Amino acid sequence: MEAMSRKLVWVKGRNFEGWACAECAWAFKPSGLVRGNSIEEMKVDYERQRDKEFASHVCADHPRGGKNPL
Ligand SMILES: [Zn+2]
């Protein structure tokens with residue numbers, strides 16, 4: 001895995017706004033509920049989910065092209 005060479009970037013597109021991979025078409029879509037008792041806790045949980053999914057995705061599985069949500 002070349003996890004270190006990938007970059008998480010904030011993307012603002014017509015149909016999507018959020019975190020995405022700079023190397024492929026992967027984009028973070030929060031899977032349901034963000035847990036936490038405060039905005040701060042929710043933010044931490046959101047970032048944990050995001051970082052975990054980003055770290056585990058495989059760029060080759062998300063080629064840029066037809067299905068790009070941007
Ligand atoms: Zn990627």
Side-chain angles (χ1 to χ4, degrees):
M1 287 265 278
E2 319 159 347
M4 291 299 120
S5 67
R6 299 189 295 195
K7 265 202 340 216
L8 194 56
V9 291
W10 180 260
V11 175
K12 238 178 166 170
R14 201 168 299 175
N15 303 312
F16 176 79
E17 182 174 346
W19 292 100
C21 177
E23 303 297 323
C24 71
W26 178 88
F28 177 60
K29 296 175 196 80
S31 53
L33 294 170
V34 176
R35 295 174 301 274
N37 298 315
S38 67
I39 296 289
E40 198 52 40
E41 281 183 31
M42 286 165 77
K43 194 174 151 238
V44 169
D45 190 62
Y46 174 90
E47 288 174 352
R48 194 183 299 131
Q49 264 189 54
R50 181 198 67 195
D51 291 349
K52 202 175 116 206
E53 291 191 24
F54 177 68
S56 65
H57 90 277
V58 177
C59 286
D61 290 344
H62 304 270
R64 284 198 161 134
K67 286 190 215 154
N68 195 321
L70 303 181

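Atoms within a ligand are numbered from 1 in the order they appear, just like the ligands themselves. Keep in mind that this is a model prediction, so the values were computed, not measured.
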query: So, do Leu8 and Arg50 sit near enough that their side-chain heavy atoms are less than 4.5 Å apart?
result: yes
Of all heavy-atom pairs linking Arg6 and Cys21, the shortest is CD-SG, 4.4 Å
**Request:** Determine yes or no for a side-chain-to-main-chain donor-acceptor pair under 3.5 angstrom, with His62 supplying the side chain and Cys59 the backbone.
**Result:** no
Near the Zn ion (ligand 1) (protein N/O/S, cut-off 2.8 Å, waters excluded) we have Cys21 SG, Cys24 SG, His57 NE2, Cys59 SG
Exercise. May I ask you to check whether Phe28 and Tyr46 place their ring centers less than 6.0 Å from one another?
Key: yes
Exactly one candidate in Gln49, Glu47, Met42 meets side-chain contact (heavy atoms from CB on, under 4.5 Å) with Asp45; the answer is Gln49
Rounding to 0.5 Å, atoms SG (Cys24) and NE2 (His57) come to a distance of 3.5 Å
